[in-house]
Amino acid sequence: MLTSTIKLKILVIGESGVGKSSLMLRFTDDKFDPNEQPTIGVDFKVKNLEIDGQRIYLQIWDTAGQERFRTLIPSYYRDATGAILVYDVSKMNSFQKLETWLEELEINTNRNITKMIVGNKIDLQNMRKVDRELGKKFAKQQRALFVETSAANNINVQTAFEELVKKILEDNIFDDQNGVAKSDIRLTGMSDSQNQQPAGGSCTGGYCGR
Amino acid sequence: MANEEVFDDDFYQEDFSTASEFEAFISRLGDIFETYEVVDEEALSSNELSLCEWTEETEDIMFNDFNLSVIRYKAKIKPRETESSKAINQVFQDLTSQENDYSLLDMNYLKHDYEVLNAPKSPNIHPVAVFYGLRDFVVLKSKRKPLMDISQMKLLQSSLSLAINESKCKIPAFIQVLYHEQDVFLGIYDAGEQRLSFDIAHLKTAPPSCKYLSGLLDMFKGKIGVNYINPVMVSVCLTYSLKNFLSATYSSDKKNENDDWDVVDFINVISSLPFGVSADPVNELILYTKWPQVSENVVFDSQTYSDFNPINAQKWSIRTRFDYSPVCYLADMLHEYLTLTESPEALSEYYNFLSSKARISEAQNPFSALTDSRIPGFSGMSLLDGSYTIDGPLNEHQLGKMFQYLLPDEDDEKKFAYGDLKDEPFNPQKIKSAIPDSLVHRLSILLANIYTSYSGRRGVAQFWAEFSQKMRERVDKCMRIPGVANGFPDMRSCLLHQKLQMLNICMERRNIREGKLPFAMQLLAQQHEGPSSLGKTDSDDEFFDCDDDRVVDEEEHAHQSPWNPVGRISKLGKMLLIDSDEPLYIPVTQDPVPKTEDELEDDAEMLLNVTDSGLRAQLMSASLLSDMESFKAANPIGKLEDFIRWYSPRDWIEEDTDERDPFGRKGHLSDRMMIPGNTWQTVWQTAKPVPARRQKRLFDDTKEAEKVLHFLESQTLGSIGQLTVAPLFHTSLIKIQKESENVKDFIPNYKEMEDKLKQNCCTLSREKWNTSKGMSKKKWEMVINDTSEMELSINQARSILKKLYPDKTDFNDDDKKLLNSLMKCYDTELGEGAKNDIGVRVMYMFNLARATQNEQRVEDHSWTLPDPIEKQFTLRLSGNTVNQGMGGPQFLRAILSSNEFRLCGAFSQNTTFTYST
C-alpha cells in the first residue's frame, strides 16, 4: 500500500432538508443537531481517516438543496472523485428528484465519479414512504452504491462514507508521489487495467449497510 | 553399468542404489513427461493450428553443461459442435492431414524482430507445428548456447528415447539443435508398435536431386525401404512474389514543405490535417499456387518437364506483406505539435522579434503596429504588408486567409461560415474539447499547421498575438465570436472554448445592459433586412426570451401598492403574502454568474482557505442577499416567511390546510430556520428592497471580458500548445473517422481501435496538464501510437484496394472477407484459382511488371509468371504395406527457396517385427 496520504473530494447532494449537512456532521464530528441552519451555497468539512492501512484526507463538500442555488453549486463539483446523493426515506419527492441530481452530476463532473445513493432518516420508520428495495433497485440501475442511514441515530453513517472511499480507491489509480487523485489516468490498453470498463466502471458490485 | 560383470566382490564394488547424473536426468525428464495429460481430440480443421491459441508449459532441467528448457506446446482446440469420430492415433492423423499444410500466417516474414511501432507480434505457432502439422508436442531447448556437438546430440537423443520409453510419453518429443534461428529439430514419438523419428535437414542450397519432385520421391522411397500399397500423395505449393506495382503503387499526397504555399489552395492546405503515409505500406504481394493432393503417378516434375504449371493450379491464394516503417503524416504532425507544449517562451519574447522585423519595413511604433487590426475597413496600418518572406512568419495575405477561415463573419464571401453548432447528445466518451468544426477546432488545426509545416514557434506566436488582438477588437465592438457554443461556459468543453464562451456572454450582457438587442435578435433582424446568409445560430433563446413577455407590467401594478413594488416576474401560484391579501410575486433576479473552470477552481480554493464556517456562509450569501433584495423590491410587505415559501418551500411548515384559505398562508418556518441569529435571518435583516437591475452587479462583464483577454494575451507558447492539444486530437479523430469511411468495414479490429482512441482522448482531455517530467506529453504520445496504427491500417487498406480493386467502390461480403483476410496478412484463397477476378488482376500485375522490366508490351495471350521464390513439396504415405501389414505414416516435406533448403522428415518404423519374411 501507499505510504502517502490520498486526497479525496466527495460531494453531498440532494434536495433541501434531506439531511445532507447532518450526515456530514455526524461523520466528521459525530454530532447531531436537528436544528442546523440550512446550508447557504456550499460548505465543506475535512476528515482524516485510515482505510486498509491507507491514510486518506477527505474533503467533504456539503451543498444547499434549494432550487435557487442550483446555478451556484455545480461550480464546486469540479475534481470530485465521489458523490453521495441523499434522499429522505420519508419524502417520496426527494427520492424522485435524484434523477435530476444525477444529471447535474453527469454534466458537471468527470464521467467516472463514484456514486453512492443514501436513503437518510430511517429513524422515522413509521413515516417511511420510500421502500428500501426501491432505493436499492434505483442505485443498481445507476451503478451506484446504496445504503440507508440515520444521521440522528447514527446508523450506517460511518459505513457509508467508508464504503464510498473504498470504492473510490478501487476505481482509481493514485499518484504515488503526492497522493493526489488522478481519477482518469487509466488509459485503455496501456496499463495492466485493460479490463477496466469504460464509462466509469462496475459499480454494481457493492452494497453496504444492512 | 548394471550389466557389468563383477568377478571379485572385494576388488570392485558398485553401488547400484546411487543414480548417475545421466540416470537422474532421464528420470527427471520422465517425471516431467508423466505429468502431461493427453486427451484425444477431433481432427484438425483447415488452418486451425495457425488460428488457435497455444499454451506453453515450461520446466527447467540440467544436462551436463546445458541448461535445458522442456517446453510443451499445445494447441487449444475448440470442442466441435457436432460429434465426429476420434482418431486412433492423433499424431498419425495430424501428420497425414493436409488441412494445416500451409500456415495462414506469414511465418518467414513474421520471424524478423521488427522494432517498428506498428509491426505485428510474432505468431504463437511453433515451427514444429508448421512443419509437421502437430498440435501437441514437447521441445527440449538449450537455454543459452546452441547444441552444436554431434555426440552431445546423440547422447541427448538417446536419453530422450529412454525417458519416453519409461514414462510412456504420449506426445512427440523434440530436441532443438544447431543455431536456434535455424529451426532444426530432432524428434521421437513412440506409439507402441510404431516408432516415428523426426529429422530436419537445413542447408543453404538444395542438392540437385532434391530440386524436383522426381528426385524427392526417389529419396523418400529409398528412406522408407518398405513398399506400401497406396501411392505417395503429394501436395505442392509454388510461391511467387510481386514487388514492383508500377501504377498500382499507393502514395498519399502531402503538401511538400518546400512548395510555394502562397498558391490558390493555401487555405485548403492550412485548414486541413495531413493524412497518409510516406511510402506504399504494401511492399509485397505473394501469390501461392497449390495442388493440395495429387497422386505421385499422375504428375511428373523434373528439370526438363513439369506438370506443375501455376496457371492450372487447383488453388490460388494471395498474401500481402506490409512495410511498417513509413511515416504516418497525421501521427507525425501530432507528435511534432506536442513539442510545442514544452516551450517556455512567453508571447512577448516574440513581440520584439516581430517588431524588429517591422522596423525594417516601416519606422513606426512596433507594438502598435503589431497589435493594430487588419479587419477590412479598420484604419490600421498594416505591419506585415507583404514584407515577409515565406520562410519567416506569416505574411499579410496568409494571415488574411487564415482569419477568413477562423472568423468567417469578417469576410464578405463568408465561404467558411460555421454550420449549426449543435452539441451531440450526452456521450460519456465525450472528448473535452469543443464541437467539431467550431472555432476552437479550426484554431488548433491552423496552429498545428503553422507550427509543424510552416513557420514554427515564431509563426505560432505571431498568429496567437493576432488572434488575441482580434478578440480584443471584437469585444470592443461587441461583435459576437462565431463558432462558439451558446450559453454558459460548458465544463465539458476545453478551457479555451469556455473562455471564448465567456467573452460572448460578457458582450451579450453588455448589449442587454446598454439596451441593445441580444445577438440572436440582431441576427434575426439582419436576416429580415437582407438576403445575406449568415451561419444560423437560432438556439440563442436563452438570452432574449426573458424580460418582454414574462415581466408583469410594472406600471399597471405600481399604483396598487403604496410601496411601489418593482421587478416582478409573475405571481407564485395562488399564494398570498402572510397577513395580507397581496399575491406573492416571484422577483426578477440577477442572472446567474458564469464562470470558467479555472475560476471555479480559484473559488473553491479560496473557500478552502477560510477556516471559519460562519465566514464561509457569509461569503456564500452574496447571491442570497441579491435574491432577498429583489424579493423585497417585488413584495414590499413580504416577510422572511414569504421569501422562504418561494425560496426553500420545505422550510415552510404548513398548518392544517384550511379549505377557505388555499393560499398557503397558515404555517410557520421550520425549526432550523428559526434558530436565532442564523445567516438567513441576518441576511434578510440587512437586505434592502432593491430590484435586481439596480443592485450591485454580481457579474461585472467588463471586468470578466478583460480577464479573458488578458488570459489570451499572457499565454506562453507551451500553454498555447496545451490549450489546443485536446481539440487537435479531437479533430484528428474526426479526420481518421472520415478517412476510414470506405475501408473500415474490412480493417481488422477497427471498431476496437477507434474506441480505444476515443476513450484515451476522452480520458486525457479531462486531465489537467502536468508538465513535471513531461507526464502529460508522454501520455498523449501514447495516444499517438493508436492514431498512427489507425492511420497506417487505413492506408494499408487503401493500398490493397488500389492494387486489387482499382475501379471498384462497392464491396460485397465476399470482397470484404477477402480484404479483411489480406489486412491480416493471411494466406487468402481466391475461388476458381487463376480464373478469379482478383486472380486475373494479380496475373496482370505480374505480367505488367515483367513487361516493364523487359521494356515490352503486355500481351494478352502469353501470360506467365516469373520463377517461383519458393517451392514446397509435401510427400505422404500411409496405409497397408505390400507384405508387412499396416504401416505407419511416412512424411517428407521439402521447402526450396533461393537461399534456404529444408527437408522435414517423419518416418515410422515397426518396432515389433523388423525382419521381413
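Keep in mind the model is a prediction, meaning the values are calculated, not measured. In what follows, chains are A, B, ... by sequence order, proteins preceding strands, each numbered from 1.
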Legend entry - Heavy-atom pair count under 4.5 Å with chain A, highest-scoring of Met491(B), Lys432(B), Glu601(B):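 It is Glu601(B).
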Legend entry - Heavy atoms from other residues, nucleotides or ligands near CD of Glu99(A) exceed 12 (cutoff 6.0 Å): no
Inset, instruction - Side chain from CB out, backbone as N, CA, C, O: work out which of these in Phe44(A) comes under 4.5 Å of a heavy atom of chain B, or both, or neither. - result: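 Contact with chain B is through both the backbone and side chain of Phe44(A).
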Inset, instruction - Among Pro594(B), Pro592(B), Ser621(B), Ala604(B), single out the residue with the greatest number of heavy-atom pairs under 4.5 Å to chain A. - result: Ala604(B)
Legend entry - Pick from Lys595(B), Gln681(B), Met673(B) with the largest number of heavy-atom pairs that fall under 4.5 Å of chain A: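 Ranked by contacts with chain A, first place is Met673(B).
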Legend entry - Heavy-atom proximity to chain B below 4.5 Å, by part of Val46(A): neither
Legend entry - 4.5 Å side-chain heavy-atom contact, Pro38(A) and Asp651(B): yes
Inset, instruction - Determine the option with the most heavy-atom pairs under 4.5 angstrom with chain A, choosing from Leu624(B), Val610(B), Leu607(B). - result: Leu607(B)
Legend entry - Under 4.5 Å from any heavy atom of chain A - which part of Val593(B): neither
Inset, instruction - Pick whichever of Leu619(B), Val683(B), Asp603(B) has the most heavy-atom pairs under 4.5 Å with chain A. - result: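 The residue among Leu619(B), Val683(B), Asp603(B) with the greatest pair count is Asp603(B).
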Legend entry - Validation row: Phe69(A), Met620(B) side chains within 4.5 angstrom (heavy atoms):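 In short, these two side chains do not touch, never coming nearer than 4.5 Å.
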Legend entry - CH2-CD distance between Trp646(B) and Gln66(A), expressed to the nearest 0.5 angstrom: 11.5 Å
Legend entry - Side chain / backbone / both / neither for Lys91(A) at chain B, heavy atoms under 4.5 Å: side chain
Legend entry - Part of Asp88(A) lying under 4.5 Å from any heavy atom of chain B: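 For Asp88(A), the contact with chain B is made by the side chain alone.
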Legend entry - Gln37(A) side-chain N/O to Ile675(B) backbone N/O, donor-acceptor pair under 3.5 Å: no
Legend entry - Residue Glu599(B) versus chain A: region with a heavy atom under 4.5 Å: neither
Inset, instruction - Check whether any side-chain heavy atom of Arg650(B) lies under 4.5 Å from a side-chain heavy atom of Asn93(A), and answer yes or no. - result: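 No - every pair of side-chain heavy atoms lies 4.5 Å or more apart.
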Inset, instruction - For chain B, find which of Glu15(A), Gln59(A), Glu67(A) contributes the most heavy-atom pairs closer than 4.5 angstrom. - result: Gln59(A)
Legend entry - Separation of Ser21(A) OG from Arg672(B) CZ (nearest 0.5 Å):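 Between atom CZ of Arg672(B) and atom OG of Ser21(A) there are 7.5 Å.
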Inset, instruction - Starting at CD1 of Ile40(A), measure out to CG of Asn678(B) and round the result to the nearest 0.5 Å. - result: 7.0 Å
Inset, instruction - Go through the atoms of Ser623(B) and report whether side chain, backbone, both or neither lie under 4.5 Å from a heavy atom of chain A. - result: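 Contact with chain A: side chain only.
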Legend entry - Met127(A), CE atom: more than 12 neighbouring heavy atoms under 6.0 Å: no
Inset, instruction - Would you check if there is a donor-acceptor pair between the side chains of Thr589(B) and Arg68(A) at a distance under 3.5 Å? - result: yes
Legend entry - Side-chain heavy atoms of Leu608(B) within contact of Trp61(A), under 4.5 Å: yes
